[in-house]
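Presented below is the structure to which this report refers.
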Amino acid sequence: MRSSEFLITTHRETPADAEIISHQLMLRSGLIRKLSAGLYTWMPVGLRVLRKVEQVVREEMEAAGALELAMPMVQPAELWQESGRWEKYGPELLRIQDRHQRDFCLGPTHEEVITEIVRGEINSYKQLPLSLYQIQNKVRDEIRPRFGIMRAREFLMKDAYSFHVSRKSLETTYQRMHEAYSKIFARLGLEFRPVLADTGSIGGSTSHEFHVLADSGEDAIAFSDGSDYAANVELAEATADLSTRPAPSETMSTIATPGVKTIGDLCAALSIAEEKTAKTLFVEAAGGGLIALVIRGDHELNAIKAEKHSLIASPLRMAAEEEVTALTGAAFGSLGPVNLQVPVIVDYSAALCADFVCGANVDNQHLQGVNWDRDVTSYETADLRSVVAGDPSPDGQGRLQIRRGIEVGHIFQLGSQYSEAMNATVLDEHGKSVALEMGCYGIGVSRIVAAAIEQNHDDRGICWPSTMAPFQLAIVPLNMHKSEAVATAAESLYKSCIELGIEVLLDDRTERPGVKFSDIELLGIPHRIVIGDRSLATGSLEYQGRRDAESQSLAQSAALEFLKERLG
RNA sequence: CGGGGCGUAGCGCAGUCUGGUAGCGCACCACACUGGGGGUGUGGUGGUCGUCGGUUCAAAUCCGGCCGCCCCGACCA
């Protein structure tokens with residue numbers, strides 16, 4: 001490709017509303033252009049990158065035995081009503097009507113459509129297992145589109161679905177997909193982690209998310225430094241051995257704590273560590289009324305864990321201050337678990353404390369030297385908090401570290417919930433009709449592009465992993481329009497590269513050298529050859545890798561061999 | 001949806017408080033010089049100031065409605 005015949009739309013200034021580095025660089029390098037909130041055009045260079053990612057995904061899906069198909073983006077409401085998700089999915093499902101006022105939606109995912117296809121086409125266990133996938137634009141009317149392509153309202157996704165007669169077969173394919181995903185992200189040169197995940201709105205049992213590690217990630221993931229354990233912090237188990245609780249050494253006493261409202265205030269006033277305190281939160285109980293949750297002062301309540309508890313209402317609702325005061329007689333800031341008239345659930349870590357400090361349920365008073373069983377006799381324990389760095393790994397090996405991640409893939413064992421709701425069955429080997437076991441597997445193809453930039457950039461721009469680069473090589477002739485020698489050498493090398501099948505960009509624009517260098521670096525092209533009169537005089541060219549600090553001189557005659565080897 | 005902020009040329013911004021014929025930088029076009037890291041000069045192109053209404057002799061500027069965009073929270077590939 002010649003840049004004079006291509007469209008390079010780089011910008012010198014960073015748009016004001018781009019927050020994270022990948023968004024800034026994607027806009028500056030002209031990969032994408034915003035049309036509206038969360039809606040982006042992929043410009044020619046950007047599309048080349050997107051296609052590269054797509055290609056790797058496609059190859060690994062095929063290798064994992066999945067077959068590509070293409071389903072419609074517009075889907076009839078009836079299918080969604082059948083699965084129950086027309087109501088359940090909520091406003092993120094972008095609904096439209098046709099000219100006859102029939103309801104449709106723009107597909108945010110395709111479980112309904114694929115199940116409809118399979119129930120019509122597959123009748124026998126002999127046709128199973130079957131894995132089908134597509135790479136297609138998805139539409140989700142996100143509450144808050146953000147970070148450019150990272151959380152867009154329309155985005156490119158690879159979605160795969162597998163069908164089985166047995167749980168065991170599902171597990172085999174799930175494992176195969178898990179491996180395929182790991183291969184994909186490794187081939188794309190990304191630092192990633194598979195983590196145990198919550199199944200969320202899609203449903204099902206077992207689930208893993210694949211996260212690209214990056215400080216700008218929207219998710220926190222916990223992983224062990226002593227084993228392979230990794231989980232979304234929402235899900236990571238906080239364990240504690242209650243038999244190791246120290247015996248009480250103090251008697252319980254009341255202390256005046258005027259003006260103390262927070263754990264921070266309390267610790268400052270008494271000069272104690274936050275681990276020596278307990279905070280008491282009131283939430284709605286499952287059958288109505290309130291229930292008290294006790295967490296160690298330095299920990300945070302995990303809403304997902306809490307609402308899974310049978311005594312706690314789901315979704316979680318924090319009690320209003322009036323409700324709490326009516327119950328305890330005290331305002332926020334002086335609450336505690338002693339002598340409560342409602343059930344008490346204590347987080348494991350808080351239950352491990354002895355001689356701790358908590359609110360007295362009297363304004364401006366706290367209790368110290370409080371001990372479980374002696375001072376609070378009726379309570380139960382549960383895992384209610386989010387893990388923090390340094391917690392023991394739930395598998396007993398090592399300690400947890402917490403890093404931020406960008407979710408680029410998510411795989412689920414769905415089981416039979418969709419096939420049952422939509423009556424997708426086959427005959428098994430005994431001639432018996434059985435509901436299909438189903439798995440689903442998603443990859444955010446467009447999000448990967450942004451995630452890769454988060455991990456691969458420097459102060460000059462993007463540094464693409466070679467598998468994702470829009471071009472492998474840039475040939476930059478200097479003053480080509482004035483120097484016959486430069487023009488000849490550039491054209492000749494360009495032609496040879498094309499013959500070798502190298503994806504090469506010849507920057508034949510009549511721009512000044514600085515402009516060309518900046519653009520090529522901003523665009524992140526992995527390899528660069530500079531051709532100028534100065535080096536040609538000695539029969540040489542200059543090579544520089546995108547991540548190299550310095551360029552190196554190449555004999556003109558050896559350039560092709562060098563490139564062949566360097567570019568693989 | 002709740003809280004905060006912003007809408008002036010393709011991009012980044014000033015001008016709004018204190019009303020008086022719309023400006024700067026980048027980009028773009030032409031010419032000249034220049035030619036190994038976003039060069040210089042001269043001359044240009046491009047804006048119903050988000051939108052609708054109101055106040056006024058006069059509105060980018062004051063007042064009101066609406067729309068859009070961004071940031072913080074609940075969602076997810």
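Values below: all heavy atoms of this structure, side chains included; hydrogens, waters and symmetry mates excluded. First the proteins, then the strands, lettered A, B, ... as listed; each starts at 1.
Between E521(A) and G444(A), it is E521(A) whose nearest contact on RNA chain B lies nearer the 5' terminus. Taking the nucleotide of RNA chain B with the nearest heavy atom to each of F210(A) and D519(A), the more 5' of the two is matched to D519(A).
With a 6.0 Å cutoff to the six-membered ring centre and a 45° limit on the axis angle, R140(A) does not count as a cation-pi contact of Y89(A). Remark: R48(A) qualifies as a cation-pi partner of F471(A) under the 6.0 Å distance and 45° angle criteria applied to the six-membered ring.
With both pairing distances under 3.5 Å, rA32(B) is matched to rU40(B) as a Watson-Crick or G-U wobble pair. Across all strands shown, nothing is found opposite rU56(B) as a Watson-Crick or G-U wobble partner with both distances under 3.5 Å. The base-pairing partner of rG7(B), taking Watson-Crick or G-U wobble contacts with both distances under 3.5 Å, is rC67(B). With a cut-off of 3.5 Å on both pairing distances, the Watson-Crick or G-U wobble partner of rC1(B) is rG73(B). Of the nucleotides present, rG23(B) is the one that pairs with rC13(B) by Watson-Crick or G-U wobble criteria, both distances under 3.5 Å. Base pairing analysis places rU18(B) opposite nothing; no Watson-Crick or G-U wobble pair with both distances below 3.5 Å involves it.
Looking at residues two or more places apart in sequence or on another chain, you find a ring pair (Phe, Tyr, Trp, His ring centres under 6.0 Å) between H178(A) and H208(A), F210(A). For the side-chain hydrogen bond (donor to acceptor under 3.5 Å, both in side chains) test, residues two or more places apart in sequence or in another chain that qualify with Q75(A) are W80(A), H110(A). For T14(A), the side chain to side chain contact (heavy atoms under 4.5 Å, CB included) partners at least two apart in sequence or on another chain are Q24(A), R28(A). Applying the side chain to side chain contact (heavy atoms under 4.5 Å, CB included) criterion to E218(A), with sequence neighbours excluded, gives R146(A), F147(A), R151(A). Residues passing the side-chain hydrogen bond (donor to acceptor under 3.5 Å, both in side chains) test with S131(A), sequence neighbours excluded: none. With sequence neighbours excluded, no residue forms a side-chain hydrogen bond (donor to acceptor under 3.5 Å, both in side chains) with Y494(A).
Rounded to whole angstrom, the span from the CD1 atom of I221(A) across to the C1' atom of rC76(B) amounts to 16 Å. Between the CD1 atom of I8(A) and the P atom of rG38(B) there is a distance of 18 Å, rounded to whole Å. Rounded to whole Å, atom C1' of rG37(B) lies 14 Å from atom CG of D458(A). Between the CG atom of N479(A) and the P atom of rG37(B) there is a distance of 11 Å, rounded to whole Å. Look at CZ on R151(A): it is 9 Å from C1' on rA77(B), rounded to the nearest Å. Counting to the nearest Å, the C1' atom of rG12(B) and the CD atom of Q24(A) are 13 Å from each other. Straight-line distance from the CE atom of M480(A) to the P atom of rG36(B): 17 Å, rounded to whole Å. Straight-line distance from the CG atom of D219(A) to the C1' atom of rA77(B): 11 Å, rounded to whole Å.
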Please tabulate, one pair per line, each protein N/O and nucleotide N/O from nucleotides 66-70 of chain B that are separated by under 3.5 Å, including the distance.
unit_1	atom_1	unit_2	atom_2	d
rC69(B)	OP1	S36(A)	OG	3.1
rC69(B)	OP1	A37(A)	N	3.2
rC69(B)	O3'	K34(A)	NZ	3.0

Enumerate the protein-to-nucleotides 22-33 of chain B contacts in which both atoms are nitrogen or oxygen and the separation is below 3.5 Å.
unit_1	atom_1	unit_2	atom_2	d
rG25(B)	N2	E13(A)	OE1	2.8

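Among the heavy atoms of the strands lying under 4.0 Å from H481(A) is at least one base atom, whether or not backbone atoms are also near. Base contact: V515(A) has a heavy atom under 4.0 Å from a base atom. Counting any heavy atom pair closer than 4.0 Å across all strands shown, G532(A) reaches a base atom. Within 4.0 Å (heavy atoms only), A152(A) reaches at least one base atom of the nucleic acid. As judged by a 4.0 angstrom heavy-atom cut-off over every strand, R317(A) is placed among residues making no nucleic acid contact. Contact annotation for K482(A): base contact, defined as any heavy-atom pair under 4.0 Å involving a base atom.
Only the P atoms considered, rC67(B) is 43 Å distant from rG44(B), to the nearest whole Å. To the nearest whole angstrom, the two P atoms, one in rU48(B) and one in rA9(B), are 9 Å apart. Taking the P atoms as reference points, rG12(B) lies 12 Å from rG7(B), given to the whole Å. For the P atoms, the distance linking rG15(B) with rC6(B) amounts to 12 Å, nearest Å. Comparing rA14(B) with rG53(B), their P atoms are spaced 29 Å from each other, to the whole Å. Distance noted for atom C1' between rC49(B) and rU16(B): 11 Å (whole Å). Taking atom C1' on both nucleotides, rU34(B) is separated from rU18(B) by 48 Å, rounded to a whole Å. The same atom, C1', is picked in rU21(B) and in rC57(B); the two are 15 Å apart, to the nearest Å.
Between R28(A) and rG12(B) there is no side-chain polar atom (N or O) within less than 4.0 angstrom of OP1 or OP2.
Residue side chain R512(A) does not reach the base of rG35(B) through any donor-acceptor N/O pair under 3.5 Å, judged by distance alone.
Between the side-chain ring of F517(A) and the base of rG38(B), no stacking contact exists by the 5.5 Å and 30° definition.
Using a 4.0 Å cut-off between a side-chain N of Lys or Arg and a carboxylate O of Asp or Glu, K482(A) and D533(A) do not qualify as a salt bridge. Between E54(A) and R51(A) a salt bridge is recorded (basic side-chain N to carboxylate O distance below 4.0 Å).
In the set rG37(B), rC76(B), rG38(B), the nucleotide with an atom closest to the side chain of L522(A) is rG38(B).
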Exercise for the section: With side-chain hydrogen bond (donor to acceptor under 3.5 Å, both in side chains) as the test, would you mind laying out the steps for Y133(A) and E62(A) before giving the verdict? Expected result: CA-CA 9 Å; Y133(A) 77 99; E62(A) 299 287 334; 2.7 Å; yes
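Listed by first and then second residue, the ring pair (Phe, Tyr, Trp, His ring centres under 6.0 Å) pairs involving residues 518-537 of chain A are H527(A)-Y543(A) (not counting sequence neighbours).
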